[in-house]
Amino acid sequence: MKTSNKILLVLFLSIFGFIVITEALLSAKYGKNDYTPEDEFNTYYYYQQNFINIHHVYLNGLAQCQVYTADTTKLMLEKASLSYAEFYVHADTLFVKGVKQHSLDAEGKAVHSPQEVRLYIPASTTITAINSNIGVDGDKPVTLIKPRTIILNNSNLYTRYYSNRDSVNRYFDTLTVFAKNKSGVYLFHNDYFKKIDIVLDSSIFNDSNAKIDDLHITADTSSTVVVNGTNIPKLNAPAIGK
């Protein structure tokens, strides 16, 4: 056997052995339910801050903010060598803002904070997002769902930010969204909504085959609405001209 072939064979066997050993170790941890606790994981990777008496949240310049429903308000910022996000409280409003760093020159990075932000808030808390991408998860137990209101300005709202990692059925009560200035509202096909009430001004809505019991859309002539399948008969969409 040629030397080059021997090298390739050794390389292949080494890689194959590594894969087999890794899979065996992961299977063993899985079988023993040996997982890193969520609190321990969050403490290691995120700065955390709790708040009281917050009724409004104002997000500005965030590339990635994931919103979860909780009984109390908690903010988590991804730990990094440089901080690209800051927060403060005024009255009953929590402000979270992306900070532009001169070292960022990649497209889009100059206007968004690349730090991941996680926000745990009661469903009654109103969210206003400017120049941001936010994800809002539904609940797996349908008994926990509550109405939520979100205001978008040049922002995107996803109900399944990590659709490639999370495809389980999730449930929403009433989702009310006011979207303007090239904002987008994007649902997921495994989402279930009791009601959606959307107002679009130069923005886009795509139901992505989500299951919606009651759908109301008000849109101007510069907006785009994508409604599929069984949602079409449930649509009540008066148009407003501009």
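In this text, all values refer to a predicted model and were calculated from it rather than measured experimentally. Note: hydrogens, waters and symmetry copies are ignored here, and every other heavy atom, side chains too, is used.
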Problem - Linked, directly or transitively: V226 and V199 (ILVMFWY side chains, under 4.5 Å) - result: no
Exercise for the section: Drop me the distance from I121's CD1 to L75's CG, to the nearest 0.5 angstrom. Expected result: 10.5 Å
Practice task
Please round to the nearest 0.5 Å and tell me the distance separating atom CD1 of I198 and atom CG of L152.
Solution key: 8.5 Å
Problem - Transitive ILVMFWY side-chain link Y58 to V117, under 4.5 Å - result: no
Exercise for the section: Go through the steps to decide whether N181 and N154 satisfy the test side chain to side chain donor-acceptor pair (under 3.5 Å), and finish with yes or no. Expected result: CA-CA 5 Å; N181 190 22; N154 191 32; 4.9 Å; no
Handout entry: Working for side-chain contact (heavy atoms from CB on, under 4.5 Å), residues R170 and V168
Key = CA-CA 6 Å; R170 293 192 179 275; V168 301; 4.0 Å; yes
Exercise for the section: Verify the distance criterion only: is there a donor paired with an acceptor across the side chains of N231 and D207 at less than 3.5 Å? Expected result: yes
Problem - H216 side chain to D214 side chain, donor-acceptor N/O pair below 3.5 angstrom - result: yes
Exercise for the section: Go through T128 and L59 one step at a time and tell me if the side-chain contact (heavy atoms from CB on, under 4.5 Å) criterion holds. Expected result: CA-CA 6 Å; T128 299; L59 309 173; over 6 Å; no
Problem - Atom of Y46, atom of E116 and distance for their closest heavy-atom approach - result: OH-OE1, 3.0 Å
Handout entry: Verdict with reasoning, F205 to I217, per side-chain contact (heavy atoms from CB on, under 4.5 Å)
Key = CA-CA 9 Å; F205 168 77; I217 300 176; 3.7 Å; yes
Problem - N133 side-chain N/O to A63 backbone N/O, donor-acceptor pair under 3.5 Å - result: yes
Problem - More than 12 heavy atoms from other groups under 6.0 Å of CD1 on I52 - result: no
Problem - Side chain S203, main chain S223, donor-acceptor under 3.5 Å - result: no
Problem - Carboxylate-amine/guanidinium proximity below 4.0 Å for R160 and D191 - result: yes
Practice task
Evaluate whether atom NZ of K211 has more than 12 neighbouring non-hydrogen atoms of other residues, nucleotides or ligands under 6.0 angstrom away.
Solution key: yes
Exercise for the section: Identify whether F51 and V96 are in the same connected component of the hydrophobic contact network (ILVMFWY, side-chain heavy atoms under 4.5 Å). Expected result: yes
Completion exercise
Given the options I196, N206, N209, L187 meets side chain to side chain contact (heavy atoms under 4.5 Å, CB included) only with I196
Problem - Hphob cluster co-occupancy, F87 + V57, side-chain heavy atoms under 4.5 angstrom - result: yes
Exercise for the section: Please test T69 against R148 for side-chain contact (heavy atoms from CB on, under 4.5 Å), starting from the C-alpha separation and ending with a verdict. Expected result: CA-CA 10 Å; T69 302; R148 183 177 292 284; 3.1 Å; yes
Practice task
Assign the ring pair F95 / Y88 to parallel, tilted or perpendicular, where the plane angle (0 to 90°) is split at 30° and 60°.
Solution key: parallel
Exercise for the section: Group every Ile, Leu, Val, Met, Phe, Trp and Tyr by side-chain heavy-atom contacts under 4.5 Å, then state whether Y84 and I130 land in the same group. Expected result: no
Completion exercise
Between the OG1 atom in T174 and the NZ atom in K146, the distance rounded to the nearest 0.5 Å is 13.5 Å
